[in-house]
Amino acid sequence: MRRVWSRAALEGDPVSVAPRLLNALLVTNDGAVRIVEVEAYRGSGDAASHAVMGETARNRSMFGPPGTLYVYFTYGMHYCANVVCGQPGEAGAVLLRAATVVDGLDAMTARRPTSRGPDQLCAGPARLCTALGITRLDDGADLCDPAAAIRLEHDGVPPPVAPLVGTRIGIGRRAGAAAGFPWRYGIGGSRALSRPFPSPPEGPHP
DNA sequence: CTTTGGATCGTCT
DNA sequence: GACGATCCAAAGG
């Protein structure tokens, strides 16, 4: 059985909420995907966050209530989607970086005809938005509203006990130390990751 | 397999 | 005026 996420479950620190979103479902009116990779972004104090300089017209949704969808446009051609979390008034969000298709494969393939295969349809934050048809028009939507066109759902599949952990992708040098924060999370063994996670250091020789 | 450069425009300096 | 929370195709090993 599927049910939308409660707002209360998204009130915590994005760094805590992010790994819990692994295996959650993002559902639209013509499809559904299971999230396999995310990144956490805080507000002030996180130099890599869009919200580090405070509220602007673009990042306004990041300051909204938990469960708000924050969609931004970047590189002149791509959209990326985030689940807003944290306390109201404090900016925070979890970037949805990759997912596997659960339903609506045909519609997604039609929106991304150049995809190499089903695994790659949502293997990347902009790919995910294109496949699901998410644009800036969806910015500010309430993902916890069971009647909404886009929503965050739960179907009983728990997040991994030990997710993959790594540094966030695409963070420039301007972010300083924040570029090294291990706030990227993924599901081990997934073939839909946007890119591999670095292998853990080798232990002593057996 | 890895690396490189182009696309393309809203946003903030 | 510079730069992206990116993607893709093409070129090189």
Side-chain angles (χ1 to χ4, degrees), chain A residues 10 13-15 17-19 21-22 26 33 35-64 68-86 90-101 108-140 143 152 163-186 191-199:
Chain A
L10 301 170
D13 183 337
V15 177
V17 173
L21 287 177
L22 295 172
L26 186 63
V33 299
I35 297 163
V36 301
E37 182 185 337
V38 297
E39 284 175 359
Y41 288 86
R42 286 179 176 160
S44 58
D46 181 359
S49 172
H50 287 169
V52 68
M53 298 299 285
E55 186 171 343
T56 67
R58 172 173 75 156
N59 67 23
R60 183 176 61 253
S61 294
M62 271 189 85
F63 291 80
T68 300
L69 178 65
Y70 167 46
V71 181
Y72 66 88
F73 181 67
T74 191
Y75 289 104
M77 65 190 93
H78 295 306
Y79 296 98
C80 295
N82 300 251
V83 177
V84 173
C85 49
E90 287 183 12
V94 174
L95 172 67
L96 305 180
R97 287 197 56 90
T100 54
V101 179
M108 294 185 208
T109 302
R111 292 188 200 99
R112 287 201 70 238
T114 63
S115 177
R116 296 282 179 136
D119 291 341
Q120 301 304 303
L121 263 176
C122 302
R127 289 168 169 177
L128 188 155
C129 283
T130 300
L132 290 174
I134 295 172
T135 71
R136 191 101 229 266
L137 297 176
D138 298 301
D139 180 56
L143 295 169
L152 185 66
L164 301 176
V165 179
T167 55
R168 296 175 291 182
I169 304 298
I171 305 303
R173 76 169 212 282
R174 311 164 31 97
F181 295 170
W183 291 353
R184 176 185 180 218
Y185 305 94
R191 282 163 290 174
L193 297 175
S194 66
R195 9 181 333 182
F197 280 70
S199 302

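Convention: sequence-line order gives letters A, B, ...; per-chain numbering from 1.
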Length of the NE2-P vector between His50(A) and dG10(B), whole Å: 16 Å
For Arg174(A) and dT11(B), give me the distance from atom CZ to atom P, rounded to whole Å. 16 Å
Donor-acceptor pair (no angle test) under 3.5 Å: Tyr75(A) side chain, dA7(B) base: no
Under 4.0 Å between any heavy atoms, over every strand shown, what does Ala126(A) touch: base, sugar-phosphate, or nothing? Just pick one. sugar-phosphate
Expressed in angstrom and rounded to an integer, what is the separation of Met77(A) atom CE from dA5(C) atom C1'? 15 Å
Side-chain N or O of Ser194(A) closer than 4.0 Å to phosphate OP1/OP2 of dT6(C): no
So what does Arg112(A) touch, heavy atoms closer than 4.0 Å: a base, only the sugar-phosphate, or nothing? sugar-phosphate
Nearest-nucleotide comparison on DNA chain C, the residue closer to the 5′ end among Arg116(A) and Gly76(A): Gly76(A)
Please tell me if the side chains of His50(A) and Asn82(A) come closer than 4.5 Å, counting only heavy atoms from C-beta onward. no
Gap between atoms CZ and P, on Arg195(A) and dC1(B) respectively (whole Å): 15 Å
For DNA chain B, whose closest nucleotide is more 5', that of Arg136(A) or that of His78(A)? His78(A)
Watson-Crick/G-U partner (both atom distances under 3.5 Å) of dA9(C): dT4(B)
Output the single nucleotide from dT11(B), dG4(C), dA9(C) whose closest atom is nearest the side chain of Arg58(A). dT11(B)
Where the side chain of Met53(A) is defined as all heavy atoms beyond and including C-beta, which of dA5(C), dT13(B), dA7(B) is the nearest nucleotide? dT13(B)
Remember a base hit wins even if backbone is also touched, and classify Phe73(A) as base, sugar-phosphate or nothing at under 4.0 Å, heavy atoms. sugar-phosphate
Could you state the atom-to-atom distance from CG of Leu69(A) to P of dA5(C) in whole Å? 17 Å
For Arg127(A) and dA9(C), what is the distance between atoms CZ and C1' respectively, to the nearest whole Å? 12 Å
Gln120(A), Glu39(A), Arg97(A) screened by side chain to side chain donor-acceptor pair (under 3.5 Å) with Ser194(A), the one that passes: Arg97(A)
